[in-house]
Q: 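A single structure is presented below for examination.
In what follows, every chain begins at residue 1, and chains take the letters A, B, ... in the order their sequences are listed. Heavy-atom basis, side chains included; hydrogens, waters and symmetry copies ignored. Bear in mind the structure is a predicted one, so any value in this text is a computation, not a measurement.
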Amino acid sequence: MAQKPSIPKGTRDFSPVEMRRRQYILDTIRGVFERYGYLPIETPAMEKLETLTGKYGEEGDRLIFKVLNSGDAWDKVAPEVKQALAAGEEVHPGKLGAELCEKALRYDLTVPFARFVVQHQHALTFPFKRYQMQPVWRADRPQKGRYREFLQCDADVIGSTSLLNEVELVQLFDDVFTALGLAVVVKLNDRKLLTGIAEVSGQPEKVVDIVTALDKLDKVGREAVEQEMRDKGVSEAAVTGIAPLFELHGNWDAQRTRLTEWLGGSEVAQQGLADMDFIFQQAGQLKSAQLEFDPTLARGLDYYTGAIFEVKAAEGTLQSSICGGGRYDDLTGIFGLQGMSGVGISFGADRIYDVLLETGKFPEDVATGTRLLFVNFGDREAAHALPLLRQVREAGIAAELYPDAAKLKKQFAYADAKGIPYVATMGSEEIAQGIVSVKDLRSGEQRAVRTDELISLVQ
RNA sequence: GUGGAUGUAGCUCAGUUGGUUAGAGCGCCGGAUUGUGGUUCCGGAGGUCGCCGGUUCAAGCCCGGUCUUCCACCCCA
């Protein structure tokens, strides 16, 4: 007796209904991407391990799924590493991983994109706008809204430093979530402001500690944030220096005025403020999304250098972000192409799915497949139904003929279970009269029409 | 990676201080109705109690390990 089959932790199968809903999300996002002039690319599920390591911070490296070398992976391990292990010495796991694995599953779509740009630069026209919707993998511990395999939908523009790109991406967020009917808050910040804050506080070298502590503000409160900063070795003077940040409130205009006063001494901060201001002014009136400046927004401090974005659902219980993004000034530099600034965003399709499902935002008919089912009475009757079935399909209507001459009860139950709204019955009586009986399963009404009237009836 | 819960029929869950053949609702299959689903009535199938080991005369229940899902931390889509 075989064991119950199962799939790896944090991965999922998708049923037809689930796939329909996922496709609805993807179609919506893709439609907006294309309307903004982004073009699709795809990259392999696997990248070389060295392409990925060191791009996502220490934490990120740990979460990369590595692919064991095929054949005898042990054979290829460097002799000195083997010797060290044999001698009982400790070998750094990352080092050992690199010895045993030369490939890894992609962790996001941005780094593979940077690699793609460097590798294909001769064939690209800059500024290059691409979108990409593919799964990524992270060896994280699964939780609600957190999967080990999930779908990201990215749009990036590379080769332009213009803030108009940031403005466009804000509007793109707005368009997608307006189309999906989901209320969201788009949070905006700039890494230059965070750098400026650390400068003004007198401890520029503590940016990372200050910022990661600040990032938790809405979760743990001001006191805990200040305590964490002290624990990380941020001076009391610096903690006090940051205090004005906690008193920021009001709309962007009010916040900007106070920030300008406070951060007047920092040139980077001034630049960040000017950038933020440009984005706020140019984004204009959004359709449904709420644009918000959030000085505590940090995001992975890996490759972002300018604006940073994050989107959270304003309804539903999922607290984590459903989109992220930002500007990176030199991501391609690591791969040998300098001076290529880019900015991009990423939609977390799986989290958007969870929120839409919880809040009941999926259109009702999104799961409907077949619109018309022909009942099968046997070979002779089926042969009469077949040409009609073709006509219906030619007319663009999803239709099927039940494959077996099963009991009518079973065939109707099949239609009911699949949510098929119309059932066409063509038995000997109908065939003799040149008609077809069509039942609307939602109303229970049944009427006989001429075969040439069938299409207009179910359309 | 750290800490904590969880797992019983296809699904949602009961199951007494450890004590005979482990239950319900929904779903599924068949019939009432050999040309009609969704409502009603009748009948039926389906479980090595996540997996492995231990304690015991006896384990769904106690103990250890392991896997899954979930929660908090960390981090993030």
Q: Hey, does A/Ala415 reach any base, or is it just sugar-phosphate, or nothing, if we go heavy atoms under 4.0 Å?
A: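 Nothing, no heavy atom under 4.0 Å.
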
Q: Which of residues 130-151 of chain A have a heavy atom under 4.0 Å from RNA chain B?
A: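 Heavy-atom cutoff 4.0 Å gives A/Arg138, A/Asp140, A/Arg141, A/Gln143, A/Lys144, A/Gly145, A/Arg146, A/Tyr147, A/Phe150.
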
Q: Donor-acceptor pair under 3.5 Å: do we get one between A/Glu430's side chain and the base of B/G35?
A: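 By the distance-only test, yes, there is a pair.
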
Q: Give the residues of residues 17-42 of chain A touching RNA chain B, defined as any heavy atom closer than 4.0 Å, sorted by residue number.
A: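 Correct list: empty, so none.
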
Q: What is the separation between atom CZ on A/Phe412 and atom C1' on B/G37, rounded to the nearest whole Å?
A: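 Spelled out: CZ on A/Phe412 to C1' on B/G37 is 7 Å.
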
Q: Classify the side-chain pair A/Tyr131/A/Glu34 by whether it contains a donor and acceptor separated by less than 3.5 Å.
A: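 Yes, side-chain donor-acceptor contact under 3.5 Å.
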
Q: Just checking, is any N or O donor in the side chain of A/Ser437 or A/Arg447 under 3.5 Å from an acceptor N or O on the other one?
A: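 Result is no, nothing qualifies.
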
Q: Could you work out the separation of B/G35 and B/U39 based on their P atoms and round it to a whole Å?
A: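 Taking atom P in both B/G35 and B/U39, they lie 22 Å apart.
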
Q: Which one of A/Arg327, A/Arg130, A/Lys129 satisfies the salt bridge (Lys or Arg N to Asp or Glu O under 4.0 Å) criterion with A/Asp156?
A: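 Of all the options given, the one that passes is A/Arg130.
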
Q: Can you tell me if A/Lys144 has over 12 outside heavy atoms packed within less than 6.0 Å of its NZ?
A: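 Atom NZ in A/Lys144 is not crowded, with 12 or fewer foreign heavy atoms closer than 6.0 Å.
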
Q: Using atom CG of A/Asp13 as one end and atom P of B/U69 as the other, report the distance to the nearest whole Å.
A: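 From A/Asp13 CG to B/U69 P: 12 Å.
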
Q: A/Lys439 side chain N/O closer than 4.0 Å to the phosphate oxygens (OP1, OP2) of B/U36?
A: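 Answer is no, no contact under 4.0 Å.
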
Q: Taking B/U12 as the reference, what is the distance to B/G27 when you measure between their P atoms (whole Å, please)?
A: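 Each nucleotide's P atom is 15 Å from the other's.
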
Q: In whole Å, I'd like the distance from the OH atom of A/Tyr402 to the C1' atom of B/U36.
A: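 Taking OH of A/Tyr402 and C1' of B/U36, I get 14 Å after rounding.
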
Q: Taking atom P in both B/A59 and B/G18, what distance in whole Å separates the two?
A: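 Here B/A59 and B/G18 have their P atoms 13 Å from each other.
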
Q: Answer yes or no on whether A/Arg21 is positioned over the face of A/Phe362, meaning its NZ or CZ is under 6.0 Å from the six-membered ring centre and within 45° of the axis.
A: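 Positive - A/Arg21 is close enough to the ring of A/Phe362 and near enough to its axis.
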
Q: Take the protein atom CZ of A/Phe377 and the nucleotide atom P of B/U34, then report the distance between them rounded to whole Å.
A: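 Going from CZ in A/Phe377 over to P in B/U34 covers 13 Å.
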
Q: Roughly how far apart, to the nearest Å, are B/C71 and B/C29 at atom C1'?
A: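 Going atom to atom, C1' in each nucleotide, I get 40 Å.
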
Q: Measure up the A/Tyr56 and A/Tyr303 rings against each other and bin them: parallel (under 30°), tilted (30 to 60°), perpendicular (over 60°).
A: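 Rings of A/Tyr56 and A/Tyr303: perpendicular, over 60°.
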
Q: Roughly how far apart, to the nearest Å, are B/G46 and B/U2 at atom P?
A: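 Taking atom P in both B/G46 and B/U2, they lie 44 Å apart.
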
Q: Taking Watson-Crick and G-U wobble pairs with both distances under 3.5 Å, convert RNA chain B into its dot-bracket string, 5' to 3', dots for unpaired and | for cross-strand pairs.
A: (((((.(..((((.....[...)))).(((((.......))))).....(((((..]....)))))).)))))....

Q: Can you check the distance between B/U55 and B/C13, where both ends of the measurement are the C1' atom (answer in whole Å)?
A: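 Their C1' atoms lie roughly 30 Å apart.
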
Q: Which listed nucleotide (B/U36, B/C75, B/G38) is nearest to the side chain of A/Asp416?
A: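 Closest nucleotide to the A/Asp416 side chain: B/G38.
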
Q: Starting from C1' on B/G37, measure out to CD on A/Gln446 and report it in whole angstrom.
A: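 Result: 11 Å.
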
Q: Tell me which nucleotide among B/G35, B/C76, B/C75 gets nearest to the side chain of A/Ser320.
A: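 Minimum distance to the A/Ser320 side chain belongs to B/C76.
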
Q: Please report, to 0.1 Å, the donor-acceptor pairs under 3.5 Å made by any side chain of residues 382-393 of chain A, with sequence neighbours excluded.
A:
{"from": "A/His384", "atom 1": "ND1", "to": "A/Arg380", "atom 2": "O", "distance (Å)": "3.2"}
{"from": "A/Arg393", "atom 1": "NE", "to": "A/Ala399", "atom 2": "O", "distance (Å)": "3.0"}
{"from": "A/Arg393", "atom 1": "NH2", "to": "A/Ala399", "atom 2": "O", "distance (Å)": "3.0"}

Q: For A/Gly60, which contact category applies under a 4.0 Å heavy-atom criterion: base, sugar-phosphate, or nothing?
A: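 Touches nothing.
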
Q: Any donor-acceptor pair under 3.5 Å linking the side chain of A/Glu358 with the backbone of A/Thr317?
A: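 Between the backbone of A/Thr317 and the side chain of A/Glu358 there is a qualifying donor-acceptor contact (under 3.5 Å).
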
Q: Take atom P in B/C49 and the same atom in B/G44, then report the distance between them in whole Å.
A: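 Going atom to atom, P in each nucleotide, I get 25 Å.
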
Q: Please report the distance, rounded to the nearest Å, between CZ in A/Arg351 and P in B/C75.
A: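 Distance check: A/Arg351 CZ to B/C75 P gives 14 Å.
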
Q: Over 60° means perpendicular and under 30° means parallel, so tell me whether A/Phe116 and A/His120 are parallel, tilted or perpendicular.
A: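 Aromatic pair A/Phe116/A/His120 classed tilted.
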
Q: What residues from residues 172-189 of chain A pass a heavy-atom cutoff of under 4.0 Å to RNA chain B?
A: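 Residues of residues 172-189 of chain A that come under 4.0 Å of RNA chain B do not exist, since none gets that close.
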
Q: Quantified in whole Å, what is the C1' atom distance between nucleotide B/G37 and nucleotide B/C76?
A: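 Taking atom C1' in both B/G37 and B/C76, they lie 47 Å apart.
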
Q: Heavy-atom nearest nucleotide on RNA chain B for A/Tyr414 versus A/Tyr107: which residue maps closer to 5'?
A: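 Its nucleotide being nearer the 5' end, the pick is A/Tyr414.
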
Q: Along nucleotides 27-33 of chain B, 5' to 3', which nucleotides get a B, which get an S, and which get a -, given that the test is a protein heavy-atom distance under 4.0 Å?
A: ----S--

